[in-house]
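Note sheet for the following structure.
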Amino acid sequence: MRLAFIALALTVSAPLAQAASQPDPAADMKAFQGYFLKQFPKLPLAAYVNGPYNFSKSESDQWKQIMEFPPYQFAVDDGKKLFETKFPDGKTYASCFPNGGIGIAQNYPMFDAKTGKVVTLGIAINRCRVANGQKKLKLTVGPLADISAYMTSTSDGKPINVVIPHNPKALAAYEAGKEYFYTRRGQLNFSCASCHVQAAGMHLRGDVLSPALGLTAAFPLYRSSWGDMGTLVRRFIGCNQKVKSEPSKPDSTAYRDLAYFMTYMDNGLPESGPGARP
Amino acid sequence: MANQILVHAMTSGDTTTVEALVKHPMDSGFVKDAAGKIIPAHYIEVIEFTHMGKIVLTGYWGPAVSKNPFIKFSFQGGKSGDPIGVSWVDNKGETATTSANIM
Amino acid sequence: MEQINGLTRGSPKRRDFLVAAAAGTAAALVLPRFASAAAAAPNASTYPAKAFIQKTEAATLQAMFGTSTVTASPDVKMDAPDIAENGAVVPISFDANAKNVTGAAILAIDNPFVMACAYKIPAGTNPAISSRVKLAKTTQVISVVEVGGKLMSTSKQVKVTLGGCG
């Protein structure tokens with residue numbers, strides 16, 4: 001029986017290996033979402049955007065109380081004002097985005113064929129500033145996080161829809177992000193997947209580890225431990241530091257590609273940023 | 001955008017429920033900044049809520065009230081359109097006031 | 001590992017809130033400093049500063065209410081988490097089943113200063129308030145209400161654990 005299996009494996013292994021070497025993001029996503037749905041059969045797909053709160057009643061009760069008046073509300077209001085403020089040339093952020101920037105956050109990160117690079121919402125905001133003669137903002141905190149919070153709030157509930165076009169550079173960026181996600185790093189030798197796939201839903205000291213599925217959906221976040229808003233890149237840096245590895249630069253290719261991979265895995269889930277977390 | 005106060009007030013039957021989120025650092029004076037220097041205490045001391053000019057709640061807050069404080073309470077009476085006033089003063093003498101109508 | 005069934009996306013409350021925020025205009029909800037002269041700033045001299053620097057329950061109550069005699073009562077209900085998700089933001093609410101409540105306070109025994117917040121409750125205002133407080137470590141949290149110069153309270157231990165995720 002075993003011999004027969006090996007023989008069969010030998011005969012089919014060549015075409016399979018070839019197929020496996022071709023990136024297939026759609027198949028990856030199906031497998032990724034399927035893994036979690038099988039792991040936590042009671043959780044519907046859309047619930048993953050609530051991250052840790054699916055796993056602790058006490059935390060979800062506190063969260064519900066905090067969501068009565070969410071702490072990110074100031075950021076959304078400030079972000080809206082900034083978004084609508086004219087640049088010296090008379091234009092606003094709306095001029096840089098499809099549909100005037102409203103209801104489009106769920107489409108980011110996007111692959112930009114011109115530069116061959118992934119563009120996150122934060123990087124798109126900064127590109128808009130540069131195009132209008134303004135300085136770039138920090139990609140992690142502050143006004144850019146507020147503008148992102150406002151723009152994301154206008155996409156509330158829309159299905160996340162990251163597109164990976166049939167472009168070798170786009171596929172390469174996706175593959176690089178996937179590799180980053182599964183690669184162990186730092187003195188603790190953890191990958192993103194160590195905590196957010198293997199240990200998803202378990203506790204790390206007092207904190208519940210969010211499943212990787214749905215993780216990007218609630219960003220930008222008001223984290224109580226930050227005491228203010230932060231973008232996904234801010235969290236990447238924090239996670240890298242926690243496993244004692246060297247963080248990348250906020251606008252690095254590594255983080256763009258990681259965001260591309262992770263957000264693609266969340267395709268179809270409802271956009272639910274900005275969010276609040278411990 | 002400093003010193004914002006967000007207020008929601010809603011009437012149901014005989015009771016008006018007021019919720020407010022107040023933008024304030026509420027620094028306790030026990031926390032150090034990145035450079036290792038103590039961030040001086042800076043917190044709201046007194047916050048007052050009024051309905052049609054009459055005080056409906058006085059809060060005395062200290063450094064142990066969370067950053068960007070939230071409060072929810074209710075009082076008897078009030079109808080849609082009535083003004084709810086909120087004002088605070090902090091330990092540095094800064095103040096803010098706002099008013100919103102009951103929805 | 002606990003799995004909660006039926007937790008819907010966001011909380012329904014959040015959606016209501018967003019709708020409410022959209023319905024009220026920004027101008028009605030958000031007024032910058034000094035934009036409205038509707039209410040004067042409260043008088044800072046009424047602040048019971050002494051009550052906020054005490055390190056024991058008795059001294060705090062004495063400074064705040066003029067008495068440290070307090071009776072545990074089932075008529076004071078408190079909602080506080082068993083384990084705080086973050087000690088910097090712990091939702092605490094109390095609800096007193098009593099008439100003529102004139103004052104209230106939330107105490108955290110093991111905080112550097114015991115008093116977290118106190119309230120003066122005029123007639124017509126319900127003795128039920130929700131707020132968010134900081135807890136420095138695992139501590140007894142006490143809700144105290146004042147009725148006719150007497151104090152009633154209820155208490156609960158809230159655990160504050162170290163997070164692992166920074």
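In what follows, every chain begins at residue 1, and chains take the letters A, B, ... in the order their sequences are listed.
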Fill in the blank from the handout: Those residues at least two apart in sequence (or on a different chain) that pass salt bridge (Lys or Arg N to Asp or Glu O under 4.0 Å) with A/D251 are none
Practice task
Would you indicate whether C/K156, at its atom NZ, is surrounded by more than 12 heavy atoms from other residues, nucleotides or ligands within a distance under 6.0 Å?
Solution key: yes
Practice task
Against chain C, work out which of A/H203, A/R235, A/K242 has the most heavy-atom pairs shorter than 4.5 Å and name it.
Solution key: A/K242
Practice task
Against chain C, work out which of A/D207, A/V76, A/L269, A/L204 has the most heavy-atom pairs shorter than 4.5 Å and name it.
Solution key: A/D207
Problem - Test item: A/R223 and C/C165 side chains (from C-beta on) under 4.5 Å apart, heavy atoms - result: yes
Handout entry: Any donor-acceptor N/O pair, A/Q62 side chain to C/I83 backbone, under 3.5 Å
Key = yes
Exercise for the section: Taking all heavy atoms of C/R132 and all of A/I66, pick out the closest pair and write down the distance. Expected result: NH2-O, 3.0 Å
Problem - Shortest non-hydrogen contact from C/E85 toward A/E59 - result: OE1-OE1, 3.5 Å
Handout entry: Option that, when pairs with chain A are counted at under 4.5 Å, heavy atom only, ranks first among C/A88, C/A80, C/A84, C/S93
Key = C/A84
